[in-house]
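This is the structure, below, for whatever I ask next.
Reckoned from all heavy atoms, side chains included, excluding hydrogens, waters and symmetry mates. Whatever order the structure lists ligands and atoms in, that order sets their numbers, starting from 1.
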Amino acid sequence: MSGKEAMVYVVRCGDETRCAKIYKEASKRSFRQAVDYTENRRVRNSRETRAMAKGTRFGREVTEAAWQSAEVDALYRLAAAGVRVPVPHNFCDGVLLMELVTDADGDAAPRLNDVAFTPEQARLHHATLLKEVNRMLCAGIVHGDLSEFNVLLAADGPVIIDLPQAVDAAGNNHAKRMLLRDVNNLRGFFGQFATELLGTNYGEEIWALYASGGLRPESVLTGAYVRASGAVDLGYVMREIDDARAEEAARRLRLSSRPRA
Ligand SMILES: Nc1ncnc2c1ncn2[C@@H]1O[C@H](COP(=O)(O)OP(=O)(O)O)[C@@H](O)[C@H]1O
Ligand SMILES: [Mg+2]
């Protein structure tokens, strides 16, 4: 399977079938290496940090290695926290070896967007995935690109994949915006099958609990969120506007530098 940013293969390891993910060249990739995602990620030393900032060849190699290892790091942390992600087995020379997520026949599992759901199924999977988002946030991680394209439907329920852009919830200033987007993507997708979901506001509720230190993996969510009344944080509003402007400028730059077919 060739995804947006990687080639993924079914491979055999002894008696076991597994999945190998090989990242595409950085220049063939899309938006997710944007600064928003990598803000505050730690690298090894100041020489590497300087090289990354200058964009030298060495710097680009360091950026690339950091990007790839971010996915395997996130997988280990999330698997340890009990989140339903593929179990990672190894990461070597830019190849990530992990569990193959399978359907009832043992074939590679479909993505959510390849499946149609009854309203009950949609409600059930939506609730399951919100719990997973919750558990991820309790482990300090926001997915950052969660959607029907990055969730597989395994024989025993949804499994979350594709985490190189995963964001540090506490250290990244864009974490809230990304969490809201992730949760809204799930709402939009499952809302097609169970329209009452479209009226829910779980993202704000989850983030408010997290920010107050009260989020637990077993927290019960209502989907209703009452915004605190009080003075508007104008600085925050202005930062959001600046972020949106920077993101749009980066998008235009990417479009203009992309070779035409
Ligand atoms: N562990 C896995 N088990 C089964 N299929 C997988 C697994 N990981 C990825 N895939 C398949 O490969 C596709 C691309 O992988 P993904 O990690 O989403 O990379 P990309 O960045 O290219 O979107 C997925 O949409 C999915 O169909
Ligand atoms: Mg993907």
Exercise for the section: Check each atom of ligand 1 against the heavy atoms of Met98 and keep those under 4.0 Å away; list them by number with element. Expected result: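 Matching atoms, with element in brackets: 1 (N), 8 (N).
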Exercise for the section: May I ask you to decide if the ring planes of Tyr210 and Trp207 are parallel, tilted or perpendicular, using 30° and 60° as cut-offs? Expected result: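 It falls in the tilted class, 30° to 60°.
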Handout entry: Location of contacts on Ala108 toward ligand 1, heavy atoms closer than 4.0 Å
Key =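 No part of Ala108 comes within reach of ligand 1.
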Exercise for the section: Could you list which atoms of ligand 1 come closer than 4.0 Å to a heavy atom of Pro86? Expected result: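 Close to Pro86: 1 (N).
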Exercise for the section: Using a cut-off of strictly less than 2.8 Å, determine whether Asp162 has an N/O/S atom near the Mg ion (ligand 2). Expected result: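 A backbone or side-chain N, O or S atom of Asp162 is under 2.8 Å from the Mg ion (ligand 2).
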Practice task
Go through ligand 1 atom by atom and flag the ones less than 4.0 Å from a non-hydrogen atom of Ala6.
Solution key: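 This gives 22 (O) as the contact atoms.
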Problem - Donor on one side chain, acceptor on other, His174 and Asp243, under 3.5 Å - result: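 A pair is found: one side chain offers a donor N or O, the other an acceptor, under 3.5 Å apart.
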Problem - Numbered atoms and elements of ligand 1 in range of Glu99, under 4.0 angstrom, heavy atoms - result: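 Atoms satisfying the 4.0 Å criterion: 1 (N), 2 (C), 3 (N).
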Problem - Sub-4.0 Å atoms of ligand 1 with respect to non-hydrogen atoms of Leu100 - result: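 Listed by number with element, the hits are 3 (N), 4 (C).
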Practice task
Below 4.0 angstrom from a heavy atom of Lys21, which ligand 1 atoms are there? Numbered from 1 as shown, please.
Solution key: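 Counting from 1, the qualifying ligand atoms are 16 (P), 17 (O), 19 (O).
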Exercise for the section: Salt-bridge test for Arg251 and Glu247: reply yes if a basic N is under 4.0 Å from a carboxylate O, no otherwise. Expected result: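 Not counted as a salt bridge, because no side-chain N and carboxylate O are separated by less than 4.0 Å.
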Problem - Sidechain N-carboxylate O distance under 4.0 Å for Lys21, Glu5 - result: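 Judged by the 4.0 Å cut-off on N to carboxylate O distance, Lys21 and Glu5 do not form a salt bridge.
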Handout entry: Proximity winner for atom 10 (N) of ligand 1, if only heavy atoms of Asn113, Val8, Thr102 are counted
Key =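 Among Asn113, Val8, Thr102, the closest heavy atom to atom 10 (N) of ligand 1 belongs to Val8.
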Exercise for the section: Return the orientation label for the Phe190 and His125 ring planes: parallel under 30°, perpendicular over 60°, tilted otherwise. Expected result: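 Judged by the thresholds at 30° and 60°, the geometry between Phe190 and His125 is tilted.
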Problem - Glu16/Arg18 ion pair, N-O < 4.0 Å - result: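 The answer is yes: the pair qualifies as a salt bridge.
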Exercise for the section: Check ligand 1 against Asn150 and write out every atom of the ligand that is under 4.0 Å from a heavy-atom position of the residue. Expected result: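 Numbered from 1, ligand 1 contributes 18 (O).
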Practice task
Number the atoms of ligand 1 from 1 as they appear, then name those within less than 4.0 Å of a heavy atom of Ile161, with their elements.
Solution key: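 Listed by number with element: 9 (C), 18 (O), 24 (C), 26 (C).
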Handout entry: Flag for Arg123-His126: side-chain donor and acceptor within less than 3.5 Å
Key =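 His126 vs Arg123: no donor-acceptor pair found between side chains.
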Practice task
Could you check Asn184 against Arg187 for side-chain hydrogen bond (donor to acceptor under 3.5 Å, both in side chains), going step by step and ending with a plain yes or no?
Solution key: CA-CA 5 Å; Asn184 290 349; Arg187 176 178 68 190; 3.3 Å; yes
